[in-house]
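Single-structure report; data block below.
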Amino acid sequence: MSELKEILPNLKEGEPLAPHTNFKIGGPAKYFAEISDLDILSKTLQWLSQNHWPYFVLGGGTNILVNDQGFDGLVIKLVNNQIKILEHNQVLVEAGAKPADLITTTLAAGLTGLEFAAGIPGSVGGGIYGNAGTFGVAFDSVVEKVIALTPSGEIKEVSKADCGFQYRHSQFKINHWLIFSAQLQLAKGDVEESKKIIKERIDKRLISQPYNVPSAGCAFKNIVIDQNIMEALAKHHKEIPEQFIKNGKIPTAWLIEQLDLKGKAMGSAQISDKHANYIINTGQAKAADVVMLMSFIKQQVRDKLSIQLEEEVQLVGF
């Protein structure tokens, strides 16, 4: 333990995690440290690996639900947020930077291509980790390479081809590698047109999503349409809207709406009346309330529509 404190002189004990998350839910971390330096992060992971300590890396805190009992290990909060414009329309961005700051910086440099990130909360590292995106475009469209660390602290340079990007997925999820920074490839473009698109998309999000109350964003992944999904909904006499077929995905919010579940609550956790794929904290919600409500939603969609939902929210300390 003394060795870890030498590596992390700012180490805290019993840090409440709820204030570090958008959900405002969860107990304390046994240990907690903010890290911005790559070498310190590498040394920390090496120590954790050698001593078999559990750890969790906290980014923007947007898509996580922390157990009411907290996390019995070390929570690492990445606070690296540098953004640098490089040659040939490339950008170096650290994992702790916010997508909104990345968009502002790149537009100021005359670079476009990040319109898909408009309104995405959290951190860039989290966005790349989960290949976040909107309107059918995601981070895989701009990432060229990633600097990441293995669970044992080894620093790796990962090419785009080796990132394993898929819908809301990347190889980093499988390997449990920690993203430290990324190099993006953008392009010179019509900045004013880009700003117009971004404003329209953010305005649409503000209207359609519950941004004024604590939540973890979308609770479940949208459903990729295949023959099995089409047959399942046909069996339950549900016609898939043409726009969904065109996009290749069914919004999970639409499935939940088909079952009239908007407003359903367990404790102080509630399915949003504004967006059915959001679970909101209406007051003093507990993680247990959210987990029960998510389980109920999955059971209803499975039993009444023959579709198995998959969580997009990451559960921490369970």
Side-chain angles (χ1 to χ4, degrees), residues 14-32 48 53-78 95 120-123 125-132 151 166-179 210 213-223 252-253 255-256 261 264-272 275-302 307-318:
E15 174 76 5
L17 291 178
H20 293 282
T21 74
N22 277 24
F23 233 149
K24 307 305 177 190
I25 294 173
K30 186 173 184 178
Y31 297 101
F32 179 92
L48 293 169
W53 265 45
Y55 70 91
F56 174 74
V57 180
L58 180 65
T62 53
N63 68 331
I64 64 171
L65 174 66
V66 178
N67 194 312
D68 296 317
Q69 278 67 54
F71 184 77
D72 189 23
L74 174 64
V75 171
I76 299 169
K77 183 172 176 62
L78 286 182
I120 292 179
S123 66
I128 295 172
Y129 182 86
N131 197 22
Q166 297 177 35
Y167 172 67
R168 299 297 179 267
H169 185 75
S170 74
Q171 191 67 25
F172 305 106
K173 282 189 172 184
I174 298 173
N175 295 337
H176 303 292
W177 287 11
L178 193 164
I179 296 171
V213 289
S215 80
C218 287
F220 303 99
K221 295 179 182 180
N222 290 331
I223 304 298
T252 296
L255 296 174
I256 297 171
L261 294 179
K264 172 70 177 179
M266 291 189 176
S268 292
Q270 182 184 58
I271 300 173
S272 170
H275 192 300
N277 198 15
Y278 275 65
I279 293 175
I280 60 174
N281 177 1
T282 62
Q284 302 297 318
K286 299 295 184 183
D289 299 333
V290 178
V291 169
M292 285 192 295
L293 187 53
M294 290 176 70
S295 297
F296 174 77
I297 294 168
K298 290 178 71 174
Q299 175 261 320
Q300 290 291 298
V301 172
R302 181 178 62 248
I307 292 176
Q308 183 65 46
L309 297 182
E310 184 180 351
E311 291 87 351
E312 190 163 330
V313 174
Q314 184 177 2
L315 304 181
V316 179
F318 288 85

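Heavy atoms only: backbone and side chains are in, while hydrogens, waters and symmetry mates are out.
When side chains are defined from C-beta on, V66 does not count as touching L315, because their heavy atoms never get closer than 4.5 Å. Looking only at side-chain heavy atoms (C-beta outward), L74 and I76 come within less than 4.5 Å of each other. Y55 is not listed as a side-chain neighbour of Y31, based on a closest heavy-atom distance of 4.5 Å or more.
The only member of K77, H20, K30 that meets side-chain hydrogen bond (donor to acceptor under 3.5 Å, both in side chains) when paired with E15 is H20. The side chain to side chain contact (heavy atoms under 4.5 Å, CB included) with L261 is formed by just one residue from the set L255, L293, I271; it is I271.
A distance-only check finds a donor-acceptor pair linking the side chain of N277 to the backbone of F220 [under 3.5 Å]. No donor-acceptor pair closer than 3.5 Å links the side chain of N22 to the backbone N or O of T62. Of the possible donor and acceptor atoms, none in the side chain of S272 sits under 3.5 Å from a partner among the backbone N and O of I280. Under a 3.5 Å cut-off, the side chain of N281 and the backbone N or O of I25 do not form any donor-acceptor pair.
Classification of E310 and K221 as a salt-bridged pair holds, one side-chain N sitting under 4.0 Å from a carboxylate O.
The number of heavy atoms from other shown groups lying within 6.0 Å of CD (Q308) is above 12. The 12-atom threshold is not exceeded at NZ of K286, counting heavy atoms of other residues, nucleotides or ligands nearer than 6.0 Å.
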